[in-house]
Amino acid sequence: MLYSSEEMENQAVLDTAAHMCAAARTAPKAHGKDTIYTLVLSGEEKENLAQKMEEIGTRLMGDKMGTWYGRDAANVRKAQVVVLIGAERKCRGVPNCGFCGFGDCSGCRTAGAGCAFSYIDLGIAVSSAVSAASQDKIDNRIMFSIGKAAGEMNYGPECFWLGIPISISGKSIFFDRGIFHD
């Protein structure tokens with residue numbers, strides 16, 4: 001059997017996305033509670049995400065949308081897939097914590113704030129995922145703008161999301177992007 005470069009690269013990028021999801025799942029979690037979610041988007045779902053990113057960019061930045069959200073949406077379109085990693089927006093009930101800045105979980109909920117451990121877990125999971133992509137030699141970039149869009153797209157429980165587009169190409173699509181935000 002003969003496999004083309006394109007076929008093998010498409011398989012490799014999906015294998016890497018799976019490795020990234022596994023790495024996020026097995027990453028250490030605060031207070032022993034697993035509130036991490038992962039999704040992989042390609043095709044039409046990936047395009048819907050890019051459109052949502054541009055919509056948010058226009059809403060938040062007006063004419064300057066292209067300097068951040070538009071640039072990132074273009075990277076999403078060029079990438080083969082996007083890995084989404086989210087952490088549930090719920091308090092963990094860690095006694096005497098106060099990391100959120102509101103004293104305890106009751107204060108955090110009253111303030112409508114996010115549990116610090118959700119952010120910590122998300123950071124560790126995303127770091128583990130990009131490490132897996134790096135080990136597979138797959139280009140990637142962590143993007144807040146993807147996470148912002150994912151948060152408005154009802155992908156599951158209410159989460160803090162970050163997104164990681166991954167790409168195989170002769171030159172990384174995440175460099176020489178040409179547009180920089182303030």
Show me the donor-acceptor pairs within less than 3.5 Å that the side chains of residues 147-161 make with the rest of the protein, sequence neighbours left out.
from	atom 1	to	atom 2	distance (Å)
Glu152	OE1	Arg59	NH2	3.2
Glu152	OE2	Arg59	NH2	2.5

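- Donor-acceptor pairing under 3.5 Å is recorded for the side chains of Glu88 and Tyr37.
- Counting all heavy atoms, side chain and backbone alike, Ser167 lies closest to Ile138 at O-CG2, 3.7 Å.
- Across all their heavy atoms, Met20 and Ile164 have their closest contact at CE-CG2, 3.6 Å.
- Under 4.0 Å is where a charged nitrogen must lie from a carboxylate oxygen, and between Arg25 and Asp34 at least one such pair does.
- Under the rule for a ring-ring contact (aromatic ring centres under 6.0 Å, His included), Phe102 has no partner lying at least two apart in sequence or in another chain.
- In summary, Arg71 and Glu54 do not engage in a salt bridge, as defined by a charged side-chain N under 4.0 Å from a carboxylate O.
- Defined by atom type and a distance below 3.5 Å, a donor-acceptor pair is present between the side-chain atoms of Glu47 and Gln51.
- Nearest heavy atom pair, residue Ile168 against residue Ala12, reads CD1-CB, 3.8 Å.
- Ser106 meets the side-chain hydrogen bond (donor to acceptor under 3.5 Å, both in side chains) test with no other residue; sequence neighbours excluded.
- Glu7 CD: more than 12 foreign heavy atoms inside a 6.0 Å radius.
- The hydrophobic cluster containing Tyr3 also includes Met1, Met8, under a criterion of side-chain heavy atoms closer than 4.5 Å among ILVMFWY residues, counted directly or through chains of members.
- In this structure, Asp121 pairs ionically with Arg92, as a charged nitrogen and a carboxylate oxygen lie closer than 4.0 Å.
- Here Asn140 pairs with nothing under the side-chain hydrogen bond (donor to acceptor under 3.5 Å, both in side chains) rule; sequence neighbours left out.
- When all heavy atoms of Ala125 and Ala27 are compared, the pair lying nearest together is CA-CB, 3.9 Å.
- Although no hydrogens or angles enter the test, the distance criterion places a donor-acceptor pair under 3.5 Å between the side chain of Lys46 and the main chain of Arg77.
- Through direct or relayed side-chain contacts under 4.5 Å between Ile, Leu, Val, Met, Phe, Trp and Tyr, Phe99 connects to Val94, Phe117, Ile120, Ile124.
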